[in-house]
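What follows is a short report on a single structure.
The sequence lines fix the lettering, A, B, ..., with proteins before strands; numbering per chain opens at 1. Please read all numbers here as calculations on a predicted model, not as lab measurements.
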Amino acid sequence: MKGWLSMAKVDRITGDNIERFRGMVDFYLWKGGIPVARRWPKKPKPPYTALQAEAMAAFSLTCGLMRRVQPAILTAWQVGQEGKREQWTDSFKGFGMKYWKKYGDLAPVAIDYSVSDDGDTFRVNWTILTTYIDGITPEVESDFISDIITKADLKKTDMPVYFTLYDDDATRLIAPFIKLEV
Amino acid sequence: MQTCIVKGFVDVPGTKYYYYHGMLRPCNIQPEIECFDKIDTTLSKWKLIYDDRPATADSWKRDFDYLLFPPSTQSDICYFKFPDHKRRYYFYEIYYVFVPRYDPDWWTVHWDHGIDCCMNGELGVTHYYYKANYDFLEYGEPGYQYCIYLDPVTLGTHVRIWATTDGNLPDYYPVPINEIKW
């Protein structure tokens, strides 16, 4: 196996090979069906760098936030991932880590939502949970509301309409795409 | 914060191309759909204070802590006044379910109507009653500080109470104002 390659196809995987190369080469079925071999994954060992430690903390704390999601948002996450290989938990963690990479702190999470429908217009109400990686700043749960959205503009299309949440710098916050029934 | 409205098929993955063993191969990724519209999303001027689903009983009341409701600029002119002599807005939503206990039976639903220093109410025999509106709270002696009274109450009933965030009446409501019996 050439040094610059991280993965290679093999003819077949045998128990003998798995045991012989354990710790050096990892054999598995890629995409569920193609036998491949790759370098044995190396998890960083302590002492961790400050950045590694913070990344691990950010990941762990972001995972913990998944439990805070209320049923309405949870349903939206699950419905949105149907038919996809990626689970909603992967998307959740992915958005969280991208936000941390950009801002160095935990991403705000939409833990609940509702839509106030006034007939020709509607507003989206969000409940946002903001937590902080420093472990000292207390978390804040706040209600946010969008400005009025006019339905007429959205009806002029055959495509489905969804909404989600970004910050003012166009960074996606941890919120699913939620389908809007116009 | 911005609520991003998208038109498109968010469940159809995007494609990114990678070189794999010298061959250009496609890979499914999260779809990147431009926002059709970005709607300003700001802190709500209403805050959900109580969210109750009472169990079946002959009666039920929602006690309130007046300190959770910021004072308005209007003076409280009632005989029994709030300690700071200021009126307080609140928004109530009552989804009421009625199952007769005997024949004949009827229901009554009451809510604080502080502008007239009393409670207002409605009675009927329908299975359901819905009312959402804003009003002023009425101060009561400790132990008699309640804003909603239901008689009787059946499982399935849902009562929510909002306070303003700054004492002033916002120019929108948490849910549309409405009243129906059916």
Does A:D26 pair with A:R38 as a salt bridge, N-O distance under 4.0 Å?
yes

Pick one of side chain, backbone, both or neither for A:I149, based on which atoms fall under 4.5 Å of a heavy atom in chain B.
side chain

So, B:R62 and B:D52, do they make that salt bridge, N to O below 4.0 Å?
yes

Where on A:D167 is there a heavy atom nearer than 4.5 Å to chain B: the side chain, the backbone, both, or neither?
backbone

Across all chains, not counting sequence neighbours, the ring pair (Phe, Tyr, Trp, His ring centres under 6.0 Å) partners of A:Y132 are none

Centroid-to-centroid, B:Y134 to B:F91, below 6.0 Å?
no

Contacting moiety of A:D117, where chain B heavy atoms sit under 4.5 Å:
backbone

Ring centre gap for B:Y139 and B:F80 strictly below 6.0 Å:
no

By number, which residues in residues 171-182 of chain B have some heavy atom less than 4.5 Å away from chain A?
B:Y172, B:P174, B:P176

Answer with side chain, backbone, both or neither: which region of A:L173 has an atom nearer than 4.5 Å to a non-hydrogen atom of chain B?
side chain

Judged by modelled atom types alone, do B:D135 and B:H113 share a side-chain donor-acceptor pair under 3.5 Å?
yes

Check: B:W46 ring centroid to B:Y89 ring centroid under 6.0 Å:
no

State whether A:E139 and A:R68 are salt-bridged, where the test is any N-O pair (Lys NZ or Arg NE/NH1/NH2 against Asp/Glu carboxylate O) under 4.0 Å.
yes

